[in-house]
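Letters A, B, ... mirror the listed sequences (proteins, then strands); counts begin at 1. Keep in mind the model is a prediction, meaning the values are calculated, not measured.
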2 protein chains.
Amino acid sequence: MKQNNKYKIKQAALCLFGLKGYEDTSLHEIASSVGIKKPSLYNHFESKEEIFTSVLDDLLVTEETAYKQLKETMKAGFPKDNLRKLFDLYCQRLMTTEEALLWKRVTFFPPPQFKRLIEEKFFQFEQSITSILFDIYEDGSKLNIFREVDKIEFSASFLCLVDGIFLEHHYYREDIFQKRKNSVWKVYTLGIFRDKGE
Amino acid sequence: MKQNNKYKIKQAALCLFGLKGYEDTSLHEIASSVGIKKPSLYNHFESKEEIFTSVLDDLLVTEETAYKQLKETMKAGFPKDNLRKLFDLYCQRLMTTEEALLWKRVTFFPPPQFKRLIEEKFFQFEQSITSILFDIYEDGSKLNIFREVDKIEFSASFLCLVDGIFLEHHYYREDIFQKRKNSVWKVYTLGIFRDKGE
DNA sequence: CCTACCGATCGGTAGG
DNA sequence: CCTACCGATCGGTAGG
């Protein structure tokens, strides 16, 4: 029961930190959304800062796990399909997970005391994605599917594309967002692939 | 002198709201960075909220003016050059203006009481950019410079591209950012233009 | 433009 | 897990 509450505190904090930011979320809010009083939080965590770092650690583990699983399923597929799978997983997680909102907020506007920590996590996460992209590029090069685009350009433009989508998901309605996503994907694939269609 | 202080308050608020956000910026900080005491702010503004809306209004006027001027200079140029000019102006303003940081923050994470206002401003600003993009597309279509990409896809992918760059400028070092920018631009132009080089 | 002050809320602690 | 409390800071006001 106590352990259950610790988990519920982290879930509540994940949502609230994502919605309102670290400073604008009070311990009172976190506690009351769990159904306990503020001082009881200190039975599970030493400080507000520890709640945050704990939530952030969990978040990264969740994301890393999702992309590691993807990497496994990609072994059998063609590079073009794998790239699309990576794109789809990214968009799907962006739209459906509680983690995405907090991740957006802290990579963009880290609370000053956590800036270093968040940068480390960010580069670690980006490394995972880049390693998948490099694998796809190597496989695709052997099949000669790419236009005159090197590995770095291929990866950088993919990451910039998903960063843009990441941002646009925030301020467009769902239907407009879907159209945007499709347009952007079309132009990207026109840019990198030798053959227009499949 | 009084008017000078009103301007200095808005400048200080622009920077601080951008760096720390609306809620995390105290009136004490704004006042002391101008060299006055907190209650003196109320000689120029009715409330913290009025300072914010005043700063935001100025910001939009500044941006609209910059892009209207660009539209004038584009009348003489070729569509390809004009698109690059729009891209360069966007990146340049992103990297050099105080306004960019606050704009990023509030479009992404608007303080709840200003959400409506900011959305209006955002769509108004996007409308300006989109109208420039549509003009470029019309001119370019007459010269048959585009691949099988329609006006909507052309604009949506440009906007997503600059949104991605907008985000990446935030967390990469300047040199890495420049490489990213070049890679992304290359793939985008490969995607939309019929001819590879100039 | 200032000093002095208001009630509200913050993160955190004492003590049970 | 709670009630009761701490000092600090917040936006804003009174009064000059």
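Phe114(A) and Tyr22(A) have their aromatic ring centers within a separation under 6.0 angstrom. Here Tyr188(B) and Phe87(B) keep their ring centres 6.0 angstrom or further from each other.
One can place CG of Leu41(A) at 17 Å from C1' of dA14(C), the figure rounded to the nearest angstrom. What separates CD1 of Ile36(B) from P of dT3(C) is a distance of 12 Å, to the nearest Å. The CZ-C1' distance, from Phe45(A) to dG12(C), rounds to 16 Å in whole Å.
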Could you pull out the protein-nucleic contacts involving nucleotides 9-11 of chain C (nitrogen or oxygen on both sides, under 3.5 Å)?
from: dC10(C); atom 1: OP1; to: Ser26(A); atom 2: OG; distance (Å): 3.3
from: dG11(C); atom 1: OP1; to: Thr25(A); atom 2: O; distance (Å): 3.3
from: dG11(C); atom 1: OP1; to: Lys48(A); atom 2: NZ; distance (Å): 2.7
from: dG11(C); atom 1: OP2; to: Leu27(A); atom 2: N; distance (Å): 2.9
from: dG11(C); atom 1: N7; to: Lys38(A); atom 2: NZ; distance (Å): 2.9

Nucleotide pairing, DNA chain D (Watson-Crick or G-U, distances under 3.5 Å), in dot-bracket with [ ] and |
||||||||||||||||

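Residues forming a side-chain hydrogen bond (donor to acceptor under 3.5 Å, both in side chains) with Lys71(A) (at least two apart in sequence, or on another chain): Ser131(A). Residues that satisfy the salt bridge (charged side-chain N to carboxylate O under 4.0 Å, His left out) test with Lys121(A), not counting sequence neighbours, are Asp57(A). Not a single salt bridge (charged side-chain N to carboxylate O under 4.0 Å, His left out) links Asp150(B) to another residue, sequence neighbours left out. Checked against salt bridge (charged side-chain N to carboxylate O under 4.0 Å, His left out), Arg173(B) has the following partners two or more places apart in sequence or in another chain: Asp175(B).
Contact between Arg147(A) and Leu190(B) at its shortest, heavy atoms only, is NH1-O, 2.9 Å.
Looking at Trp103(A) and Val106(A), their side chains come closer than 4.5 Å, going by heavy atoms from C-beta outward.
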